[in-house]
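Read the structure below first, then the notes.
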Protein chains: 2
Amino acid sequence: MQMALEQARRAAENGEVPVGAVLVYQDRIIAMAHNLTESRRDPTAHAEILAIREACQKLEQGRLVDCDLYVTLEPCTMCAGAISHARVRRLIYGAYDPKGGAVDHGGRFFQSATCLHRPEVISGVSETESGELLKRFFLPKRNTANLY
Amino acid sequence: MQMALEQARRAAENGEVPVGAVLVYQDRIIAMAHNLTESRRDPTAHAEILAIREACQKLEQGRLVDCDLYVTLEPCTMCAGAISHARVRRLIYGAYDPKGGAVDHGGRFFQSATCLHRPEVISGVSETESGELLKRFFLPKRNTANLY
């Protein structure tokens with residue numbers, strides 16, 4: 001999770017919403033990514049999606065059955081769907097996201113009947129550190145402009 | 001929708017689940033794609049995701065506010081999330097997907113409180129043609145092996 005937080009910090013330095021993700025396979029990191037939605041002008045370029053795609057390329061397979069995903073924020077609906085499609089074994093995430101999260105909030109996708117693969121979920125790991133990064137990122141924007 | 005069906009047919013020819021998507025902006029097609037999950041070994045390479053990414057690159061913007069997405073199958077959770085993130089104006093889709101769909105089935109994401117942008121939705125357009133393509137694709141596989 002420390003590596004995922006490091007990715008999130010890099011995102012913030014580049015003006016991206018600070019969320020980082022790391023994929024681990026057999027005790028080794030095989031993919032790391034942070035949000036790139038702004039710089040790539042790609043609304044699908046969330047940290048989780050980028051890490052999943054990178055890991056699949058590295059392992060040369062479309063499924064990540066023995067992989068664990070560490071991410072600093074509760075995944076949204078899009079990313080929860082991708083995690084399920086990729087057959088990720090375990091999801092470990094940091095801050096809760098009551099507004100946009102889809103694991104322990106909203107549609108709780110992994111608990112729904114149309115979810116064909118449910119990863120094991122561990123929530124709230126490094127929650128404070130993950131959340132503080134997001135708060136620090138959004139606070140000055142909220143004070144200076146009505147952007148969000 | 002005929003162009004999306006043509007994309008779906010191409011997917012089937014290449015051994016991919018036959019789903020096609022087309023994005024329209026100001027009465028012009030700006031992106032077309034079909035499923036490439038098998039050949040790219042990428043579980044996120046659904047037709048909708050690929051079309052959204054292509055359209056954003058073409059328009060040089062991360063939001064598709066005046067764009068309409070035609071897709072032959074009801075989008076899954078991952079794609080419904082992406083459609084919302086991309087601010088797609090209107091979603092027109094073909095076959096219903098009670099098992100994996102997330103628009104009129106499952107979590108009905110666009111009707112949920114954590115959905116920040118809801119496209120207008122028109123369902124069941126060319127439903128029979130879209131569904132027949134999928135049935136024809138899966139039928140021989142079901143008869144010959146226990147793959148699905």
Side-chain angles (χ1 to χ4, degrees), chain A residues 16-17 35-46 48-65 67 74-88 97-117 148, chain B residues 16-17 35-46 48-65 67 74-88 97-117 148:
Chain A
E16 300 278 357
V17 174
N35 248 348
L36 284 172
T37 50
E38 293 299 319
S39 53
R40 288 204 186 165
R41 290 171 176 147
D42 176 358
T44 74
H46 283 196
E48 300 94 313
I49 301 280
L50 298 175
I52 286 170
R53 287 171 54 204
E54 187 186 328
C56 287
Q57 295 307 307
K58 280 213 182 137
L59 296 180
E60 296 184 348
Q61 58 189 42
R63 294 183 176 186
L64 303 172
V65 284
C67 294
E74 179 180 350
C76 72
T77 293
M78 173 180 74
C79 293
I83 288 164
S84 181
H85 285 316
R87 308 290 195 272
V88 170
D97 185 2
K99 284 187 185 171
V103 179
D104 290 309
H105 297 92
R108 290 174 169 77
F109 177 57
F110 299 137
Q111 295 171 43
S112 74
T114 51
C115 176
L116 301 180
H117 168 80
Y148 292 91
Chain B
E16 299 277 357
V17 174
N35 248 347
L36 284 172
T37 49
E38 294 299 319
S39 53
R40 288 203 185 167
R41 290 173 176 145
D42 177 358
T44 74
H46 283 196
E48 301 95 311
I49 301 281
L50 298 175
I52 286 171
R53 286 169 53 202
E54 188 186 329
C56 288
Q57 295 306 307
K58 281 212 181 137
L59 296 181
E60 296 184 347
Q61 58 190 41
R63 294 182 176 185
L64 304 172
V65 284
C67 294
E74 179 180 350
C76 71
T77 293
M78 174 178 74
C79 293
I83 289 163
S84 181
H85 285 316
R87 308 291 196 271
V88 169
D97 185 2
K99 283 186 185 172
V103 178
D104 291 309
H105 297 91
R108 291 173 169 76
F109 177 57
F110 299 138
Q111 295 171 44
S112 74
T114 51
C115 176
L116 301 180
H117 169 80
Y148 292 91

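Letters A, B, ... are given to chains in the order of the sequence lines, protein chains preceding strands, and every chain is numbered from 1. Predicted model only: the values in this text are computed from it and were never measured.
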Q. Which atoms of B:Thr37 come close to chain A, meaning under 4.5 Å heavy atom to heavy atom: side chain ones, backbone ones, both, or neither?
A.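 Nothing of B:Thr37, per the 4.5 Å heavy-atom cut-off to chain A.
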Q. Does any heavy atom of chain B fall under 4.5 Å from the side chain of A:Ala80, the backbone, both, or neither of them?
A.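 No part of A:Ala80 comes within 4.5 Å of chain B.
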**Q.** Residue part contacting chain B, namely of A:Ser112, when any heavy atom lies under 4.5 Å
**A.**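 It is neither, since no heavy atom gets under 4.5 Å.
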Q: Could you tell me which residues in residues 51-61 of chain B have at least one non-hydrogen atom under 4.5 Å from a non-hydrogen atom of chain A, sorted by residue number?
A: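 When heavy atoms of chain A are the reference, residues 51-61 of chain B contributes B:Ile52, B:Arg53, B:Cys56, B:Gln57, B:Glu60, B:Gln61 within the under-4.5 Å range.
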(Q) Return the OG1 to NZ distance between A:Thr114 and B:Lys99, rounded to the nearest 0.5 Å. (A) 12.5 Å
Q) Distance from B:Leu116 atom CG to A:Thr77 atom OG1, nearest 0.5 Å? A)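 It is 9.5 Å, given to the nearest 0.5 Å.
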**Q.** Test side-chain contact (heavy atoms from CB on, under 4.5 Å) applied to A:Arg40 - qualifying residues, sequence neighbours left out
**A.** A:Leu36, A:Asp42, A:Leu50
Q.
Is there a side-chain contact between B:His85 and A:His46 in this structure, where contact means two heavy atoms from C-beta onward sitting under 4.5 Å apart?
A.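 Side-chain contact under 4.5 Å: yes.
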Q) So which of A:Gly100, A:Gly107, A:Ala82 has the biggest tally of heavy-atom pairs under 4.5 Å with chain B? A)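 Answer, by heavy-atom pair count under 4.5 Å with chain B: A:Ala82.
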Q.
I need the residue from A:Gly106, A:Gly62, A:Cys79, A:Gly81 with the largest number of non-hydrogen atom pairs under 4.5 Å to chain B.
A. A:Gly62
